[in-house]
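Structure record follows, encoded as structure tokens.
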Amino acid sequence: MLDGTKVQLRSVTLGKYVSAENGGGMNVTVDRDIASLWETFKLWRVSDTKFQFRTFGGQFLTWSGTGNLLTATADSASSSETLYVERNDDMIHIKTLGGSYVQANAENQLSADYLGVPGWDANAATFQMSIVENNLHGDYQLANGYGHSKAKEVLTKHQNSFVTADDFAFLSRHGINTVRIPVGWWIAQDPNPPPPFVGGSLAALDKAFTWAKASNIKCIIDLHAAPGSQNGMEHSASKDGSVDWALSPEYISKSLDVIDFLCVRYAKHPALLGIELLNEPSAAGVPLDVLVSYYKRGYDVVRTYSSTAYVIICQRIGNANPIELYEADIGDHNVVVDLHYYNLFDPYFASLRAIDNVNFIYNSRQPQLQALDSANGPLTFIGEWVNEWNVSNASQFDYQIFGNAQLEVYNGASFGWSYWTLKNDRMHWDFEWNIKNKYLLLGSSSTKKPNILLLLALAIAMLLLQYLFR
């Protein structure tokens, strides 16, 4: 039961689901036979026994004590929105901080007035809890789930061992001349970032720059997680899957402060190549005008400290055409548009054969890159790709052909490419594993056009650590 877990609650006695009317902002009823969005609540974890319940509309279950009724009318969460959860397999009791148990009463409402201590038999204070989604296992869930002390221990060990100077030497030996390093917004407040995050990411980034310089490698710093989350995914450190970044001028301003902080610290460092202002903003959650305004302001921040550092702007993910950023006039020089190419995450790729995947690279991706590069605008950067697909039982040779097609096409991008990621617990996502086991053959591409950059995504400060929760 980590932050962002989606649950539905069914009264044992009434046989009905708890529902936030209109998705939130109104009363709470216990009268639905079938559970859907209004009956689904996102958990905000306060501790292993205390939680807050967020509705589809963003409001929280709250108990004011007046009339003992629970409503879904609180826009923010504090003590009145914090509830104890007692759990017995899929059965739970809910208790207010005042000690009263919540029940489904005869009027089909939630009221905090159950008399006595409920057992686990069929009583009005017992609810069946269904976990309908528990997919967020990012930095926020790790830090808040473990608690500060344990999270600090886990992340310190990870930061001190996962990527080392030897990895930079490995990259250099294989012709990689730049790394893309994702960071979270809280790095600007290191070593004492706001809870639940823990310090150490800034020291890790400093070490990466030192190792990069020693190996003659350049660095791109990528703001991968912005305050409020720009895409609702775990790699943006989303608390509960919501996309709130574009809704708050404060979040946008804080993001610009992070860019300023990174520029102050690294703009003059000989290993810096560029700053990526934001990773993967959501097309559904981030309006284009808001994003363009942020990118223009971010460009100006970088130019305050450096006239030569590349300013990298990432396309929106989802239903968005990258040409929108080529037409936005973000800045007058050294601007790069970052495109992410995966033959995954879309039903279109679910049933493609190996040859279909390869043909898609040549027939779809290559023409798009050529069109963008001929638009006389920003440089083009394939900021993330991976040598993985949905093909079952693919041979090593199949992977080599697929990887070679991607290398050949992405080498044509005017700013080069970046693999996601250096190391991973899934083999084909792991760049080092692909190289060492000859599933990805660098230098085998038939293209004769030399690269401007060969870039590799390198997760240091912020890494998907799903395996810690398995």
(request) For side-chain contact (heavy atoms from CB on, under 4.5 Å), just list the numbers for Leu372 and Leu339, CA-CA rounded to whole Å, side-chain angles, deciding distance to a tenth of an Å, and then say yes or no. (result) CA-CA 11 Å; Leu372 293 174; Leu339 314 177; 3.6 Å; yes
(request) Ignoring hydrogens and angles, state whether a donor on the side chain of Asp373 or Tyr326 is under 3.5 Å from an acceptor on the partner side chain. (result) no
(message) Out of the candidates Tyr410, Tyr341, Phe402, only one should pair with Trp385 under the ring-ring contact (aromatic ring centres under 6.0 Å, His included) rule; please name it.
(response) Tyr410
(request) Nearest 0.5 Å please: distance from the CD1 atom of Ile330 over to the CZ atom of Arg297. (result) 12.5 Å
(message) Test side chain to side chain donor-acceptor pair (under 3.5 Å) on Tyr299 and Asp332; report intermediate values, then the result.
(response) CA-CA 10 Å; Tyr299 176 88; Asp332 57 11; 2.7 Å; yes
(request) State, to 0.1 Å, how close Cys219 and Ala208 come at their nearest heavy-atom pair, and which atoms those are. (result) SG-O, 4.4 Å
(request) Dump the intermediate steps for side-chain contact (heavy atoms from CB on, under 4.5 Å) on Ile313 and Val337, then the final yes or no. (result) CA-CA 5 Å; Ile313 56 176; Val337 173; 3.9 Å; yes
(message) Please report the interatomic distance CG(Leu223) to CD(Glu276), rounded to the nearest 0.5 Å.
(response) 9.0 Å
(request) Quickly, which of Gln315, Arg316, His340 forms a side chain to side chain contact (heavy atoms under 4.5 Å, CB included) with Pro322? Name it, please. (result) Gln315
(message) Checking the side chain of Ser130 only, and the main-chain atoms of Val132 only, is there a donor and an acceptor separated by less than 3.5 Å?
(response) no
(request) Can you measure from CH2 (Trp417) to CD1 (Ile176) and round to the nearest 0.5 angstrom? (result) 4.0 Å
(request) Please check if any side-chain donor atom of Asn27 sits under 3.5 Å from a side-chain acceptor atom of Glu21, or the reverse. (result) no
(message) Tell me which pairs pass ring pair (Phe, Tyr, Trp, His ring centres under 6.0 Å) where either residue lies in residues 237-256, with sequence neighbours left out.
(response) Trp245-Tyr294
(request) For the pair Gln230 (side chain) and His224 (backbone), establish whether a donor and an acceptor sit closer than 3.5 Å, ignoring hydrogens and angles. (result) yes
(request) Give me the one residue out of Trp420, Tyr342, Tyr419 that meets ring-ring contact (aromatic ring centres under 6.0 Å, His included) with Trp429. (result) Tyr342
(request) Name all residues meeting the ring-ring contact (aromatic ring centres under 6.0 Å, His included) criterion together with Phe41; count only those two or more places apart in sequence or in a different chain, and write none if there are none. (result) none
(message) Can a side-chain donor-acceptor contact be found between Thr62 and Ser80 if the only test is distance below 3.5 angstrom?
(response) no
(message) For a quick test of reading the model, state the closest non-hydrogen atom pair linking Ala226 to Ser255 and the distance between them.
(response) CB-OG, 3.8 Å
(message) Before you tell me yes or no, could you show the steps for Asn334 and Arg303 under side-chain contact (heavy atoms from CB on, under 4.5 Å), namely the whole-Å CA-CA distance, both residues' side-chain angles and the distance that decides it to 0.1 Å?
(response) CA-CA 10 Å; Asn334 283 8; Arg303 287 290 165 260; 3.4 Å; yes
(request) Check for a donor-acceptor pair, side chain of Asp190 on one end and backbone N or O of Gly200 on the other, with a separation under 3.5 Å. (result) yes
(request) Without swapping roles, check the side chain of Glu39 against the backbone of Ser36 for a donor-acceptor pair under 3.5 Å. (result) yes
(request) Heavy atoms only: give me the nearest Ala188-Val258 pair and the separation to one decimal. (result) CB-CG2, 4.1 Å
(message) Keeping Glu234 on the side-chain end and His137 on the backbone end, is there a donor-acceptor pair under 3.5 Å?
(response) yes
(message) Among Ile361, Asn390, Asn387, Val386, which residue satisfies the side chain to side chain contact (heavy atoms under 4.5 Å, CB included) criterion with Asn343?
(response) Ile361
(request) Locate the shortest heavy-atom distance separating Ile259 from Gly298; write the atom from each residue and the value. (result) CG2-O, 4.4 Å
(request) Would you please indicate yes or no on a ring centroid separation below 6.0 angstrom for Phe51 and Tyr84? (result) no
(message) Tell me whether Asp206 is salt-bridged to Arg265, with the criterion being a basic N under 4.0 Å from an acidic carboxylate O.
(response) yes
(message) For Phe162, is there any backbone N or O sitting under 3.5 Å from a side-chain donor or acceptor partner on Lys423?
(response) yes
(request) Quick one: pull up CG in Leu43 and CG in Leu2 and give me the separation to the nearest 0.5 Å. (result) 9.5 Å
(request) Taking the six-membered ring for Trp and the full ring for Phe, Tyr or His, determine whether the centres of Trp433 and Tyr439 are under 6.0 Å apart. (result) yes
(request) Using modelled atom types only, decide if a donor and an acceptor are shared between the side chain of Ser242 and the backbone of Ser238 within a distance under 3.5 Å. (result) no
(request) Please name the pair of heavy atoms, one in Ile217 and one in Val179, separated by the smallest distance, quoted to 0.1 Å. (result) CG2-N, 4.0 Å
(message) Would you compute the distance between atom CH2 of Trp389 and atom CG of Asn357 and round it to the nearest 0.5 angstrom?
(response) 6.0 Å
(request) Output yes when a side-chain donor or acceptor of Asn363 lies under 3.5 Å from a complementary backbone atom of Asn359, and no otherwise. (result) yes
(message) Are more than 12 heavy atoms, taken from residues, nucleotides or ligands other than Tyr305, located less than 6.0 Å from that residue's OH atom?
(response) yes
(message) Going by side-chain hydrogen bond (donor to acceptor under 3.5 Å, both in side chains), name the residues that satisfy it together with Tyr295, two or more places apart in sequence or in a different chain.
(response) none
(message) Is it the case that atom CG in Asp289 sees more than 12 heavy atoms from other parts of the structure closer than 6.0 Å?
(response) yes
(request) Could you tell me the separation between the CG atom of Asp31 and the OG atom of Ser19, rounded to the nearest 0.5 Å? (result) 6.5 Å
(message) For Phe415 and Tyr310, I'd like to know if the aromatic rings sit close, meaning centre-to-centre distance below 6.0 Å.
(response) yes
(request) Decide whether Thr29 and Asn108 meet the rule of one side-chain donor and one side-chain acceptor closer than 3.5 Å. (result) no
(request) Look only at the side chain of Lys218 and the backbone of Asn177, and say whether a donor-acceptor pair between them is shorter than 3.5 Å. (result) no
(message) For the backbone of Arg45 and the side chain of Asp3, can you confirm whether one donor and one acceptor N or O come within less than 3.5 Å of each other?
(response) yes
(message) Is it the case that atom NZ in Lys213 sees more than 12 heavy atoms from other parts of the structure closer than 6.0 Å?
(response) no
(request) I would like to know whether Glu384 and Arg180 meet side-chain contact (heavy atoms from CB on, under 4.5 Å); could you show each step before the answer? (result) CA-CA 10 Å; Glu384 290 185 19; Arg180 176 178 178 256; 3.1 Å; yes
(message) For a quick test of reading the model, state the closest non-hydrogen atom pair linking Leu97 to Thr82 and the distance between them.
(response) CG-O, 3.6 Å
(message) Check Glu388 with Arg426, please: is the shortest side-chain N to carboxylate O separation under 4.0 Å?
(response) no
